[in-house]
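Note that the structure is a prediction, hence the values are computed from the model and not measured. Heavy-atom basis, side chains included; hydrogens, waters and symmetry copies ignored. Below, chains carry the letters A, B, ... as their sequence lines are ordered, and counting in each starts from 1.
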Protein chains: 2
Amino acid sequence: MTQADNAQDDSGVDIGLGLGLAPMSVPKSSDVLANHLRQQILEGKLVEGSALPVERALATSVGLGRQTVRDALRVLEIEGLIVTRPGRAGGSFVRRPDTATFERTLNVLVSGRGVKFHSLLEAREGLEPVAARLAALHRTDDDLVALDRVAAKMAESRGNVPLFLQCNVEWHVAVGAATHNEVIEAIVNSLSKVILRSTDIEEFNSEETMGATLEAHSRILKAIRAGDADKAASSMSKHVHVYRELVENLNVPEDIPM
Amino acid sequence: MTQADNAQDDSGVDIGLGLGLAPMSVPKSSDVLANHLRQQILEGKLVEGSALPVERALATSVGLGRQTVRDALRVLEIEGLIVTRPGRAGGSFVRRPDTATFERTLNVLVSGRGVKFHSLLEAREGLEPVAARLAALHRTDDDLVALDRVAAKMAESRGNVPLFLQCNVEWHVAVGAATHNEVIEAIVNSLSKVILRSTDIEEFNSEETMGATLEAHSRILKAIRAGDADKAASSMSKHVHVYRELVENLNVPEDIPM
DNA sequence: CTAGGACTTATGGCCTGACCTTTGTACCAT
DNA sequence: ATGGTACAAAGGTCAGGCCATAAGTCCTAG
């Protein structure tokens, strides 16, 4: 907005001579290529697993240098749309983006903007009940099996704080999967992992806390199993609220590490 | 998970001889450099706006080729951590990541995984009330001024459906900003924009619908102004629920375009 | 003395061409 | 069969250059 107004001279008169003249941006050729390929992939013209042309062939076919092509492919790789392997029979292959890319972006956002730990917990306190509600509405029998398995694993890991916390994340991830809503799943999972990354050193997990956590999970899972959306949401709400108060009254690092 | 198990032979016995042997990955040098620079930036050792060394200097100082350095910088650029400008006095400058990167990632996730329009609306129905609640709790007077301004602009744009929808997004974005929770803000804003991108052609916005929307916004804003979190959440919940039913009973494109 | 234009310079964008590294395949020797 | 050697195909990296862009510098016309 600062240097976009230079289509007008000092008198403020449009100098474009009545034509549709505006300060035009000259995109990098690698971006043009990246956008083109991204569109092809997202439109489904390149199905998952199919191979893109090899770099040298792509370069000659689009009339650009190999480095430029590599630049474009790198963009798609970062976005999680392709995976690139070296070696014979290597190349770039179309890939379905998964939660990992989303998680990395959230990480960068949180660290880069100095988001407070409090804000993360607050967000989670708001979002997890939503996930629990949708899980209660949409969960399948398979989801319940998975949740039971994680819950059992978690119960066994009492005493091993890092493992317990890891299982805790897995449990929340399993709830996210049970929502069968990939947006909610991605958000909640990423948030859980980011919070874990800022929390695993803490020693707040006493034997008593672990027991309370297991009981809360049990209550939530029961509601999810019964398909009781309101109960699942309220139980989850109470659970994450207690968790937040516990953490905040104990140790307030404020800033997220790394 | 498919080819990660080749540390075991056919008999399923760990061949690692008791050492910590696992299939190890050899990172690309450009990734190593990118990770290093990212860490420097996220640790705050490079404050916003400060310039990185120019490409040629960076290349010689780390002992890598210029192309490799460019590759690393490109990664950071995609992640929104730096901007890079050509020309004299150009170069790469540290930047605070903003919502835009997050939005792009959400876009890719939605399009790439073929997330149903229904899921987007469902997610929004769950998340917007959370935002409204936090907005009621944390809004400042400035936030209220901004919300009033957007609401007024929106009321004026009745009859111009695209503009009305655009203002609608702006209103929800303003609510997100009023939460003063950057995580919630990023999520809700991105979701609104993605939904808009899949909606703007629709002709469902009758005069009657617009009126109802404005009234709902008015009720929500009143609750936010009063600091009534429960009221804000429930009003918003009703609003987005009505919106969803309206859209879904009218036209179900199922898949998100592009 | 000032305004505008021509030159200079520093920087990223892009190209060509080469070499190295990784990986898969085929073939051969033990 | 087992292992080794050679080859081939692809990405990864480097070197050096030229072009495009944008900011500074200087010089001249008015």
Practice problem: Give the C-alpha distance, both sets of side-chain angles, the deciding distance and a yes or no for salt bridge (Lys or Arg N to Asp or Glu O under 4.0 Å) between B/Lys28 and A/Glu77. | Solution: CA-CA 13 Å; B/Lys28 295 186 279 196; A/Glu77 189 185 352; 3.5 Å; yes
Practice problem: Test A/Glu156 against A/Lys153 for salt bridge (Lys or Arg N to Asp or Glu O under 4.0 Å), laying out the working first. | Solution: CA-CA 5 Å; A/Glu156 288 175 11; A/Lys153 182 177 163 192; over 6 Å; no
Exercise. Start with the C-alpha gap between A/Asp31 and A/Arg38, add the side-chain angles, then the distance that decides, and say whether salt bridge (Lys or Arg N to Asp or Glu O under 4.0 Å) holds.
Key: CA-CA 10 Å; A/Asp31 280 335; A/Arg38 186 187 306 110; over 6 Å; no
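OP1 or OP2 of D/dG12 has not a single side-chain nitrogen or oxygen of B/Thr68 nearer than 4.0 Å. Neither OP1 nor OP2 of C/dG13 sits under 4.0 Å from any side-chain N or O of A/Ser30.
In this structure a side-chain-to-backbone donor-acceptor pair under 3.5 Å is present from A/Ser198 to A/Val194. Within the 3.5 Å criterion, the main-chain N or O of A/Ser192 finds no donor-acceptor partner in the side chain of A/Arg124. Not a single donor-acceptor pair under 3.5 Å links the side chain of B/Ser111 to the backbone N or O of B/Val108. Using modelled atom types, one side-chain atom of A/Arg95 and one backbone atom of A/Gly80 make a donor-acceptor pair closer than 3.5 Å. Panel note: side chain A/Arg104, backbone A/Ile78; a donor-acceptor pair is recorded below 3.5 Å.
Judged by distance alone with a 3.5 Å cut-off, no donor-acceptor contact links the side chain of A/Arg66 to the base of C/dG17. With hydrogens and angles ignored, no donor-acceptor pair under 3.5 angstrom links the side chain of B/Arg70 to the base of C/dG12. Between the side chain of A/Arg88 and the base of C/dT25, no donor-acceptor pair under 3.5 Å is found.
The CG atom of B/Leu58 sits 13 Å away from the P atom of C/dT11 (whole-angstrom rounding). Between the P atom of C/dC14 and the CD atom of B/Gln67 lies a distance of 12 Å, rounded to the nearest Å. When rounded to the nearest whole Å, the span between NZ of B/Lys28 and P of D/dG11 equals 11 Å. Rounding to whole angstrom units, CZ of residue A/Phe93 and C1' of D/dG11 are separated by 11 Å. One atom, CG of A/Asp71, and another, C1' of D/dG11, lie 15 Å apart when rounded to the nearest Å.
Each of C/dG13, C/dG24, D/dT13 was ranked by its minimum atom distance to the side chain of B/Ser29; first place goes to D/dT13. In this structure, of D/dT21, D/dC14, C/dC19, it is C/dC19 that holds the atom nearest to the side chain of A/Arg56.
In this structure, B/Pro53 and B/Leu58 approach most closely via the heavy-atom pair CG-CD1, 4.0 Å. Among all heavy-atom pairs drawn from B/Ile187 and A/Leu127, the shortest one is CD1-CD1, 3.9 Å.
The stretch residues 73-85 of chain B has no heavy atom under 4.0 Å from DNA chain D, so no residue of it qualifies as close. Residues from residues 46-55 of chain B that place a heavy atom under 4.0 Å from any atom of DNA chain D: there are none.
Using a 4.0 Å heavy-atom cutoff across all strands shown, B/Gly65 reaches sugar-phosphate atoms only and no base atom.
The distance from atom CZ of A/Arg70 to atom CD of A/Gln67, rounded to the nearest 0.5 Å, is 8.5 Å.
Remark on the helix from C/dC1-D/dG30 to C/dT30-D/dA1: inter-end axis angle 10°, axes from five-pair C1' superpositions, rounded to 10°.
Residue B/Glu122 forms a side-chain contact (heavy atoms from CB on, under 4.5 Å) with just one option from A/Val183, A/Ile184, A/Asn181, and that option is A/Asn181.
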